[in-house]
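Positions are given from 1 along the sequence. These numbers come from the heavy atoms of this one structure, side chains and all, not from hydrogens, waters or symmetry mates.
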Amino acid sequence: GSSINRSRANDPEPVPYEASNAHYRSSSPTASYDSLKLQVAHAANTGQVLKQADINDFYILHPNEQPYLARFPSGLDTYYNLTSAGTSPYSSKTHYMIVKGNLWGHPDAGRIAHELLCRLIRRLGFLPSPMDVAFYIMPRPPPHAPATLCLIVDDIVVGSDEAHAEYIMNEIAKHYETKGTHPVSDICNINITRLPDGYAMDQTEYTHRLLRRHGYDVLPASTTPLES
C-alpha cells in the first residue's frame, strides 16, 4: 500500500516531496486566512449562504509500529484505480491497505489528495484563484453571484445560494465520505456566525480555550487604559 515502512534500519529516510507551492509541503491543501475572509465577505455582500463539510479519513493516522489492515482512505481508492498498481477495480470488500506507518507523513500524501480534489472541483465548474491554489471561484450567469469554495485541510466551505451550495456538497459527497453538510460555524479555530445583515468572524472561543489551558481563566480581571 501507499505507506511508509521504516522497520529496516538500513532503509533511507523518505525524502520530503518538494514542490513550488507550500500547500504541498504542508501535506494538505489549505486556503489562506485572507482567502477565507474574502469568501465570507463575498457571501455577506451577495446574500449567499456558507456551507461546510468535513471529509472522513482524509489521511490515516497510525502511531503504532505494528502493521495493520485498513480500508482505503477517501480519495486513495480513486488513486489506486488510476495507477498501474490497480490490477483489478478497487472494492471495499476485496481490497485493504497494509498500513506500516503514518500516512499523514507520507511525502506524496498532500499531492495525491490535492490533485484528486482538484479534478473533482474543476469538473463541477470551479476555477482555482491565481492567488491561492486552494481557493476556487465558479462564474455563474446573472442574476447569480459567483460561487466560491475554500479547501482548509479536510474541510470544504462552499459559498453560493442555498440550492446550489447543497448541490455542490451532494456532488462532493458522491466521491468522498463526509460528516454531512451544515452551515459554516467553526473552522481552524475561527468562529463564523451568520447575522441578519451578513457574517461575523472571531476567535473568542479559541482565546478562551487558550486562557483555560494555561490557567488564566481563574485570575481576576483587571482594567486597562486601552480602548476596545
Compare every heavy atom of [Y] with every heavy atom of [X], then report the nearest pair and how far apart it is.
| X | Y | result |
| --- | --- | --- |
| T204 | N191 | N-OD1, 4.2 Å |
| A53 | M169 | N-CE, 3.7 Å |
| S32 | D132 | N-OD2, 2.9 Å |
| S160 | A165 | CB-N, 4.1 Å |
| A134 | A31 | CB-N, 3.4 Å |
| Q48 | R194 | O-NH2, 4.0 Å |

Show your working on side chain to side chain contact (heavy atoms under 4.5 Å, CB included) between I55 and D155 and close with a plain yes or no.
CA-CA 6 Å; I55 297 177; D155 282 283; over 6 Å; no
For a 4.5 angstrom cut-off between non-hydrogen side-chain atoms, does [X] reach [Y]?
| X | Y | answer |
| --- | --- | --- |
| L219 | Y216 | yes |
| I137 | L127 | no |
| K51 | I156 | no |
| P146 | R140 | no |
| Y176 | L120 | yes |
| T181 | E166 | yes |
| L36 | I187 | yes |

Full working for side chain to side chain contact (heavy atoms under 4.5 Å, CB included) between N189 and E205:
CA-CA 8 Å; N189 295 315; E205 179 55 35; over 6 Å; no
Hits for side chain to side chain contact (heavy atoms under 4.5 Å, CB included) against S185, two or more places apart or cross-chain, chain-then-number order -> Q52, H182
Are [X] and [Y] in one and the same hydrophobic cluster, where Ile, Leu, Val, Met, Phe, Trp and Tyr link if side-chain heavy atoms are under 4.5 Å apart?
| X | Y | value |
| --- | --- | --- |
| L149 | F135 | no |
| Y206 | L211 | no |
| Y199 | L38 | no |

Side chain to side chain contact (heavy atoms under 4.5 Å, CB included) between I168 and F126, worked out
CA-CA 10 Å; I168 294 297; F126 285 93; 3.9 Å; yes
Residues E171, R123: salt bridge by 4.0 Å N-O rule:
no
Charged N-O contact under 4.0 Å between D54 and K179:
yes
Any sub-3.5 Å donor-acceptor pair from [X]'s side-chain atoms to [Y]'s backbone N or O?
| X | Y | answer |
| --- | --- | --- |
| H164 | G159 | no |
| Q39 | V157 | yes |
| Y136 | C118 | no |
| T46 | H42 | yes |

Using the side chain to side chain contact (heavy atoms under 4.5 Å, CB included) definition, which of the options D202, V40, D186 pairs with I192?
V40
Just how far is it from atom CG of D217 to atom OG1 of T207, taken to the nearest 0.5 Å?
13.0 Å
